[in-house]
Structure formats: structure tokens, C-alpha cells
Amino acid sequence: MNISLINPYVRLARQSIIPDGHNIVRRVIYDYELIYLEKGSFTLTYNGTEYTCSEGDIIFIRPGIPHCFRIDRGDISQPHIHFDITHRTDSTKIPVSFKDTEAMTEEELGWIHLDYFGTYAKTPFVKSQDTAAFLNVFYKIICSTTDALGQKALITQLISMLIRDNFHNFMSEDSGASVIDQIKSYINAGNGWNMGLDDFSKIFFYSKFYLEKQFREKFGTGLIEYRNTKRMERAKCLLRSGERVSAVAERLGFGSIYSFSRAYKNHFGIAPSKEKP
């Protein structure tokens, strides 16, 4: 990642007590969340794998990753911070998500940020070489909710610690290849289905000609062709789950049911209305 793109935004920073028996059902968040498990324990199901989270753990939840919490026994204390790595034009209007992707609108699906750590983070746990220093900055962010400029400086410091102690090659892999992988992950997460090459160029800061060339060389297909394929695969899944054709067309951002039907038939050789649940 290009270091100049790090321009963080703190969405939420607060102390939180979750009472015994109050679980968080499966959801996908739009941003990053750092949790310090101050007291208690819970079971976290993260991307299909169960993890036992214990007192003292630092947990890093990433955008687009399905997860849920089960409180094992007793209340838990878990101060947490929701933040964006890059401050987007819509950052201030995006809330904290408590929805799974199936319940999101097309606009909400577009709020799921690119996961810059996707190729590095294997588990939801992160560590710190100097836990006291890390938590000092962490709690300062929790306590400085009215000081936006101070929060920005502090979250930048916290991100620097996070990268230094956990993602050693994060800043060195600033190549076209890594950007291409990021775009593929972005599309696979259900983003960008309405975007053209100009849009991808604006978001990822490379020329559209370069992105198209690199994507085709690496994956054997054009960027927009790949986007269209993933979009149609999603459409088929939704239709086979029983959703109406008109609802699928709207959800996937088609201008009309007719343009969706034409695209679907061109791709699969069958009208969407013929798909059986």
C-alpha cells in the first residue's frame, strides 16, 4: 500500500460492556474494528472459524469478513474503535454495521471498504511488542471523542504500531500486482458491480489502462469482464434462493429489469425468469 493513502478516520471509539447472554449475531462491517478484551471471554466465529477470545486479547475485525460473537459467561468489557484507513468522501455518513450482506442494500454493500490487510491477516488476533504503549494510545483515542484532530493523529500512530508489529511487508508491497489483487478482492467481496474502469482508476490511483493491462495479464481476463462474471454469479445465487427478478436487478444495480434480463441471458443462455429456486 502507498503510505500516502493512509488518511484515517475514526468512526466510533468507546468503552463497551456487553452483558451476559447478549450475543452479536452474524454481521459484516464496512470498516476496521480494533477490540481490546479488557475483561471476560467470548467465542468469536470469524470467516467460518471459531476462536476463543480471552482477557487481554487484541482483536482486529476487517471489512467484509462475516463474524458473530457468543458470550460464554458473565459480562465482558471490550473498549473498541471503528476506523477507516483512508478517509473517503462518504466516511462521515457511513454508520457502524450490524447487518449481514444478505440484508444490505446495494448502497450499503458499496460501503464495505477495501481490506488492505486481506493478504496478511490469517486470524482475528493481533499482538503488540509494547502492549503498554499500544494500550496507552488506544485508550487516548477512546477518551478523545470530541477532539477530531487529536483522534486522527492518535489513530495514525495506532495503525503504525499495528503494521509494525503484525504486517511487516505491508508498506513495502506498493506494486501494480498488489493493487490488482486488491481490486479482485474488492470485487469478490461484492463491491464495484456498477463501476467502470474510470471508477476503479479513481479509487485505486492508477490509470485505467494500466489496471486493465495488469489485470488481464495476471488473471487472463479483463477487469470489467471479471466484474460482470462475479455479478452474474451473484445474480444466479439470488434467483435460486427465491428472489424476484426485479429485486435482483435492482439489488445488483441494473438500470432496468430489461437490461438485467438481457445481460443474464447473454451470459448464461437462459432468461432469469427461467431459473428455479
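Quick caveat, the model's predicted, so the values are computed rather than measured.
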Is it possible for you to say whether L238 and L109 belong to one hydrophobic cluster, with membership spreading through side-chain heavy-atom contacts below 4.5 Å? no
Charged N to carboxylate O below 4.0 Å: is that the case for E212 and K208? no
Cationic N near anionic O, under 4.0 Å, E233 to K230: yes
Closest heavy-atom pair, R88 versus I112, reported as atoms and distance to 0.1 Å, is NH1-O, 4.5 Å
Value for CD1 (I85) from CD1 (I163), rounded to nearest 0.5 Å, stands at 6.0 Å
Tell me if the CD atom of E250 is crowded by more than 12 foreign heavy atoms within 6.0 Å. no
Answer yes or no: are there more than 12 heavy-atom neighbours, outside R164 itself, under 6.0 Å from its atom CZ? yes
Apply side chain to side chain contact (heavy atoms under 4.5 Å, CB included) to residues T86 and Y116 and explain how you reach the verdict. CA-CA 10 Å; T86 58; Y116 292 104; 3.9 Å; yes
For D31 and D84, indicate whether the former's side chain and the latter's backbone hold a donor-acceptor pair under 3.5 Å. no
Donor-acceptor pair, S97 side chain versus V28 backbone, under 3.5 Å? yes
Test item: side-chain donor near acceptor, R27 and H67, under 3.5 Å: yes
Could you tell me if R244 and S246 have a donor-acceptor pair between their side chains, going purely by distance under 3.5 Å? yes
Taking it one step at a time, do E108 and K93 satisfy salt bridge (Lys or Arg N to Asp or Glu O under 4.0 Å)? CA-CA 11 Å; E108 289 169 336; K93 80 168 187 175; over 6 Å; no
Below 4.5 Å, heavy atoms only, C-beta onward: do F60 and F167 meet side chain to side chain? yes
